[in-house]
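Lettering of chains follows the sequences in order, A, B, ..., and the numbering in each one begins at 1.
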There are 2 protein chains.
Amino acid sequence: MIDFDKLDKTIHERGRLSIMTMLVSRGEWKFQELKDQLKMSDGNLITHLRSLQKAGYVSTEKELKGRKVTKYLLTRSGKKAFKGYLRLLEQIVTQGSS
Amino acid sequence: MIDFDKLDKTIHERGRLSIMTMLVSRGEWKFQELKDQLKMSDGNLITHLRSLQKAGYVSTEKELKGRKVTKYLLTRSGKKAFKGYLRLLEQIVTQGSS
DNA sequence: TTTATAACTTTGTGATACAAAGTTAATTCA
DNA sequence: TGAATTAACTTTGTATCACAAAGTTATAAA
């Protein structure tokens with residue numbers, strides 16, 4: 001039996017899942033890029049990013065030169081948590097396809 | 001890019017995802033069996049089952065003889081929707097593992 | 001006919017997704 | 001220089017929803 005208690009709720013929510021998937025597929029994303037790709041409102045996006053930061057999954061880098069730009073990236077812990085999440089997805093896919 | 005808009009919210013929620021995964025792995029489940037396996041309260045379980053029924057994903061069978069027992073099973077449409085959902089999960093897993 | 005059980009329904013609470021509008025700081029342009 | 005623009009927020013309000021707990025109904029066993 002799959003242990004659904006282990007399903008990470010922070011990652012599982014659609015908005016944050018899409019963010020995590022982007023961050024894992026490419027190292028860094030600017031706030032604006034995430035917003036454009038994911039078509040979220042500022043408020044919604046920042047709130048999800050804050051949840052992910054609060055969970056320790058995401059960190060930021062500010063560009064000191066030029067325009068005010070914030071880049072978001074996965075932490076080591078974020079990568080690990082996402083890997084664990086993916087393992088659970090795999091179990092679901094496997095069980096659902098058998 | 002994965003289209004997260006296509007992610008079926010009815011299925012994606014943890015409780016209902018666990019129900020759907022059970023139903024696809026074995027044809028029929030009694031209410032009591034689901035409750036025992038998933039450790040949900042009556043109210044929570046029935047509410048999720050109702051949502052799934054409302055979406056047309058789940059149907060019921062009542063035993064006419066003996067005790068009052070209700071069995072739950074996937075509809076054709078539920079199987080199809082779940083397959084679509086799994087395809088999206090596969091995309092996430094693939095993208096996340098590359 | 002009392003008791004027990006399955007399958008509900010109802011109600012209340014707390015969490016949260018999301019949009020919209022407002023704020024702040026820095027940069028560019030007139 | 002200062003007005004306008006832009007990025008990155010914060011705040012606020014709403015609507016949804018997960019979940020638990022307690023109450024209801026119908027059936028069956030004792």
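Among the nucleotides C:dA17, D:dA8, C:dA7, the one closest to the side chain of A:His48 is C:dA17.
With sequence neighbours excluded, no residue forms a salt bridge (charged side-chain N to carboxylate O under 4.0 Å, His left out) with A:Asp5. Residues that satisfy the side chain to side chain contact (heavy atoms under 4.5 Å, CB included) test with B:Ser59, not counting sequence neighbours, are B:Leu73, B:Thr75. In this structure, the side chain to side chain contact (heavy atoms under 4.5 Å, CB included) partners of A:Thr10, at least two apart in sequence or on a different chain, are A:Asp8, A:Arg16, A:Leu52, A:Ala55, A:Tyr57. For B:Glu61, there are no side-chain hydrogen bond (donor to acceptor under 3.5 Å, both in side chains) partners at least two apart in sequence or on another chain. Taking the side-chain hydrogen bond (donor to acceptor under 3.5 Å, both in side chains) definition, one finds that B:Arg50 meets it with B:Gln53, sequence neighbours left out.
Side-chain nitrogen and oxygen atoms of A:Tyr72 include none within less than 4.0 Å of the OP1 or OP2 phosphate oxygen of D:dA8.
Here the side chains of B:Lys35 and B:Asp42 are in contact, with some heavy-atom distance below 4.5 Å. Put simply, the side chain of A:Gln37 does not reach to within 4.5 Å of the side chain of A:Ile19, judged on heavy atoms. Residues A:Met1 and B:Leu38 are in side-chain contact: their nearest non-hydrogen atoms beyond the backbone lie under 4.5 Å apart.
No path of Ile, Leu, Val, Met, Phe, Trp and Tyr side chains, each step under 4.5 Å between heavy atoms, connects B:Val69 with B:Val58, placing them in separate hydrophobic clusters. A continuous path of ILVMFWY side-chain contacts below 4.5 Å connects B:Ile2 to A:Leu45, so both sit in one hydrophobic cluster.
At the heavy-atom level, B:Lys62 lies under 4.0 Å from the strands shown only through sugar-phosphate atoms.
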Discussion item. For B:Met22 and B:Glu33: C-alpha separation, side-chain torsions, deciding distance, then whether side-chain contact (heavy atoms from CB on, under 4.5 Å) applies.
Written reply: CA-CA 10 Å; B:Met22 294 192 72; B:Glu33 292 173 331; over 6 Å; no

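For DNA chain C, the residues of residues 2-25 of chain B within the heavy-atom distance limit of 4.0 Å (strictly under) are B:Lys9, sorted by number. Across residues 49-57 of chain A, not one residue has a non-hydrogen atom less than 4.0 Å from an atom of DNA chain C. Using a 4.0 Å cutoff on non-hydrogen atoms, the parts of residues 26-35 of chain A near DNA chain D are A:Phe31, A:Gln32, ordered by number.
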Worksheet item: How does protein contact run along nucleotides 19-25 of chain C, one letter per nucleotide 5' to 3', with B for base contact, S for sugar-phosphate only, - for none, heavy atoms under 4.0 Å?
Response: BB-----

Give every pair of a protein N or O atom and an N or O atom of nucleotides 1-4 of chain C that lie under 3.5 Å apart, one pair per line with the distance.
none

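Among residues at least two apart or in separate chains, ring-ring contact (aromatic ring centres under 6.0 Å, His included) pairs with a member in residues 3-29 of chain B are A:His12-B:His12, B:His12-B:Tyr85.
Rounded to whole angstrom, the span from the CD1 atom of B:Ile46 across to the P atom of D:dT24 amounts to 18 Å.
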Ignoring hydrogens and angles, write down the donor-acceptor pairs under 3.5 Å from the side chains of residues 86-98 of chain B, residues two or more places apart or on other chains.
| from | atom 1 | to | atom 2 | distance (Å) |
| --- | --- | --- | --- | --- |
| B:Thr94 | OG1 | B:Glu90 | O | 2.8 |
| B:Ser97 | OG | B:Val93 | O | 2.7 |
| B:Ser98 | OG | B:Gln95 | O | 2.9 |

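No more than 12 heavy-atom neighbours from other residues, nucleotides or ligands sit within 6.0 angstrom of CZ on B:Arg76.
Between A:Leu49 atom CG and A:Leu34 atom CG the span is 6.0 Å, to the nearest 0.5 Å.
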